[in-house]
Participant: 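Sharing a structure below in structure tokens format, with a few things to ask.
Just so you know, residue 1 is the first one in the sequence shown, and it goes up from there.
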Amino acid sequence: MSELDEITPDKELSSRLASTVPLDDRQHADLERALRCSPFIQQSLASEPDILAYVIDGLHDSFLGDGLEQRLNALCGDRDTRRALDTTDFGRELRRFRRREMILIAWRDLACIDSTDSTLRALSTLADFCVAESLAHHEHHMQGRFGRPRGPDGEPVGLVVVGMGKLGGEELNYSSDIDLIFAYAHEGETDGRKSISNAEYFVRLGQRVIRSLDEVTGHGFVFRVDMRLRPNGDEGPLAMSFDGLEIYYATLGREWERYAWIKARVIAGDFEAGRELMDMLRPFVFRRYLDFGAFSQLREMKRMIEREMTGAAMKNNIKLGPGGIREIEFIAQLFQLLRGGREPDLQCRRLVPVLHSLEAMGELEPATVADLVTGYDFLRRSENRLQMLYDQQTQTLPDNKFDQMRLALAMGFDDWGSFLAELDRHRDQIHGHFSQVLRLPDEEDASTDPLERVWSGVDEPDIRIRVLREAGFDEAEEIDRRVVAWREEQGTALSGTVAQRLDQLMPDLLRDIAEYHHEATILSRMLDLLAAILRRSVYVALLIEQPQARRQLVRLLDGSPWIAELLTQHPILLDELIDPQTLYAPPDKEQLARELGELLAKCPDDEERSLDELRRFKQLATLRVAAADVVGALPVMRVSDQLTWIAEVILEAVYARARSQIESRHGKPQAVDESGNTFMPGLAIIGYGKLGGIELGYGSDLDLVFLHDSTDRDAVTDGDKSIDNSLFFARVAQKIIHTLSIRTPAGVLYEVDTRLRPDGVGGLLVSSVNAFAQYQAENAWVWEVQAMCRARVVAGTERVGEAFASIRERTLTQPRDEGGLREAVVGMRRKMRENQEATPDGLFHLKRDVGGITDIEFLVQYLLLRHAGDHPEILRFTDNIRQLDSLRRAGVIEEKVSQDLTHAYRSLRDAGHRQALKGRRSIVNAAAYSQERDIVIRQWQEVLGGPPPGGTSG
């Protein structure tokens, strides 16, 4: 008798089953196959032959998950009928239903009606349905006794059931446990006659649900339930509030728990509250910026997997053994943990789509993904058909010849040896790819490229140094020392893919660096940057595949440590290096506004992400300006224009979002004007200082003043939670300042200074237009009036901006006593000088010292205040260059004076930008700028009748 004959059921059973329902030839063959391959199906049909008709009827559905409710209704009555059953009867019917569905799923799988993916989804959908049925049944009975749980405001609270692991990923095994977590939104108590706390209610409810699914009775079980993934495992409460979960994961959450939550999915209960829970925990699972401390934990997880695979028994385990399912899952979920926060495609719960996304991103090679996907399909089919044998949770290959033959036949092979050979082929490929993940760089091949041998350190130091000198390095010893130190520092952090790519990259990168004079400095900056991008091997690949981008990077790192630090902190900006046309041609203000609008449109309701997108936008836009500045593609005034446009676009966007958010809570502001008409007041943001003067530098803060035009009549918002208009605008301003200045992992947008508002830090954050006008006319100091020379509207309501422009003109054109004005301006400059730190001999502070930028600004402001009454046109512009030109056009100063001061101002400003790009303070060699200083000192003396304060020593 052959092995096939030995596993073939007796003809009497086949005949008896065939007599219960008409079968066509294909169905006869499929019945024989199912009976041979699964003793579970054989025993089930032998004891309940009517199941066959249930199965044949279910073969017509395109996807089994679509007809569950209908089939359950046909089996044991509609929903109301089921709710009326007692616990014992309900459990019996649910188990009968589950057995039929499992046989139907197995039949369709063995007959190749469904793909592996469809089978996994059908099993997951069945589990979802059974959990939801059990929850609804027990909830109905418990609410009859205790009432409905309520939150602090009386709102109903429901149980949220989260499916973890393969259930969450809709990839459930044929006979798998289901991993669950129970949660609820709010603490409180039930509203029934016998009230209990929400915590007690949901624990009791959870216990009943588990029992009705997990308990083994005469009719079997529904699904084995595992609750150990909940906080603190078996020792933790069975159900936790959202607040409790948030605190736990924020303070005690471990890397393996992040790993587990990747596949988490709300499968039953209160789905609306479940969405809130998933949104709340997403930052814990998918971190926007990589936590480098995670790598050691991930490496330890890999070591643990490798240690577990060493046992002889593991060789036969198709999940946990070498080349098993767990290795594929680890590869996918590793990248999900590391990059999922920035790559939404990696937040997918299903494994195969994640692998394809990694291929599209360049993280995995196409051949690697093909091996993993086909291997995964083979292993999961094998796992399912192994478990179909006896409806048992096992991943261990059978050791008796009958079950081996059953599994081989189920997998489409004629004998066990053929199946095992194909299985081993897939496992060998998978294990090879797994071994490359977080690989230790200790088995690298020697190279014939001398610079690659320098990089790998395989030669003796004297040989490496000689090779570096031959490559053009003047600082060969220092270069070698830094390369060796960096490799030792990175150690096991180099993964297989990254290590291979670095071997390709470093020789060419060293050649590029050798072309520059400050080679050791450039190398240090480059190594810092590489350390930041090692886990994002797509960037390493970019530098290999785009030589032009690599050379651009070296040039930028040579020109500016500021750019080097920006790229190191935010490597995502490296994408901009691909296209030099874009990098060195910063967009105009209109284009900037469009770019920012598109970014923010992707996250209209995600506050955290919008904050990060604003910062990323600023970093990217600033990088473009700095890159163009380094290569001399932008003159100094255009650099300031660009940086100012960036700030203005951000302010407009932040203002619009802040106002919208406050309006959503309190409604829109309303007021009545002097004519008795109702209108909607607005807010304007006034920029002072460098922002107002269109002269922002790379690290400039923002001097802001906020004005509104609300009156005092009926001045409240029109929402349900109405507030006074002045409070409304104060909250809008506070929201703006918070958004600009809060520190996130992506950094700070801008430091904000509001001390130039009326009465300084003691005054209101937001002033009305009328109050501001009165203050300027009656109480403003001369230095406050001076500051208005460089003030302008930068964002907000146009009507309020026009009102400010009128106040500014009225204030600056007031008649002034020449002597008093001169004394006030010189006195303020003297006071500033006395309170500043002395600059060392031989050096010159570009802004503060005698003959510097501030002296030019004071000189121009004095001239504006002195002559604006007769020549109001000189107030049109707020930047020093155009103000000097306006003074020339009005005849206030001669053309040569305007040209000399303009030259000095541009020269000093340009030097300031260069110092900022180099990461240095605004202090330079005094002798290098003696000509500019002489111009400023001479003009100050001619206009104000003496040298600038401190001039005798400058």
Participant: Cut-off 3.5 Å, no hydrogens considered: what does the side-chain donor-acceptor table look like for residues 266-275, sequence neighbours left out?
Facilitator:
{"residue": "Asp270", "atom": "OD1", "partner": "Glu272", "partner atom": "N", "Å": "3.3"}
{"residue": "Asp270", "atom": "OD1", "partner": "Ala273", "partner atom": "N", "Å": "3.0"}

Participant: Hey, mind stepping through Asp226 and Arg228 against salt bridge (Lys or Arg N to Asp or Glu O under 4.0 Å) and telling me if it holds?
Facilitator: CA-CA 6 Å; Asp226 191 334; Arg228 289 175 297 175; 2.7 Å; yes

Participant: State whether Asp117 and Arg350 are salt-bridged, where the test is any N-O pair (Lys NZ or Arg NE/NH1/NH2 against Asp/Glu carboxylate O) under 4.0 Å.
Facilitator: yes

Participant: Salt bridge check: are Arg98 and Glu101 linked by an N-O gap of less than 4.0 Å?
Facilitator: no

Participant: Hey, are Asn316 and Thr396 close enough side-chain-wise for a donor-acceptor pair under 3.5 Å?
Facilitator: no

Participant: Determine, for Arg349 against Glu170, whether the closest basic-nitrogen to carboxylate-oxygen distance falls under 4.0 angstrom.
Facilitator: no

Participant: Run the salt-bridge test on Arg265 and Asp128 with the 4.0 Å N-O cut-off and return the result as yes or no.
Facilitator: yes

Participant: Quick one: side chain to side chain donor-acceptor pair (under 3.5 Å) pairs with a partner in residues 410-422, sequence neighbours left out?
Facilitator: Asp415-Ser418, Glu422-Arg425, Glu422-His426

Participant: Does a side-chain N-to-carboxylate-O contact under 4.0 Å join Arg427 and Glu327?
Facilitator: no

Participant: Using a strict cut-off of less than 4.0 Å between a Lys/Arg side-chain nitrogen and an Asp/Glu carboxylate oxygen, indicate whether Asp403 and Arg406 qualify as a salt bridge.
Facilitator: yes

Participant: What I want to check is whether the side chains of Thr119 and Thr116 have a donor and an acceptor closer together than 3.5 Å.
Facilitator: no

Participant: If we ignore angles and hydrogens, is there a donor and acceptor under 3.5 Å between the side chains of Glu257 and Tyr248?
Facilitator: yes

Participant: Whether Glu329 and Arg326 form a salt bridge (side-chain N of Lys/Arg under 4.0 Å from carboxylate O of Asp/Glu) is what I want to check.
Facilitator: no

Participant: To the nearest 0.5 Å, tell me how far Met142 CE sits from Leu159 CG.
Facilitator: 10.0 Å

Participant: Look at Glu12 together with Arg16 and state whether they make a salt bridge at an N to O cut-off of under 4.0 Å.
Facilitator: no

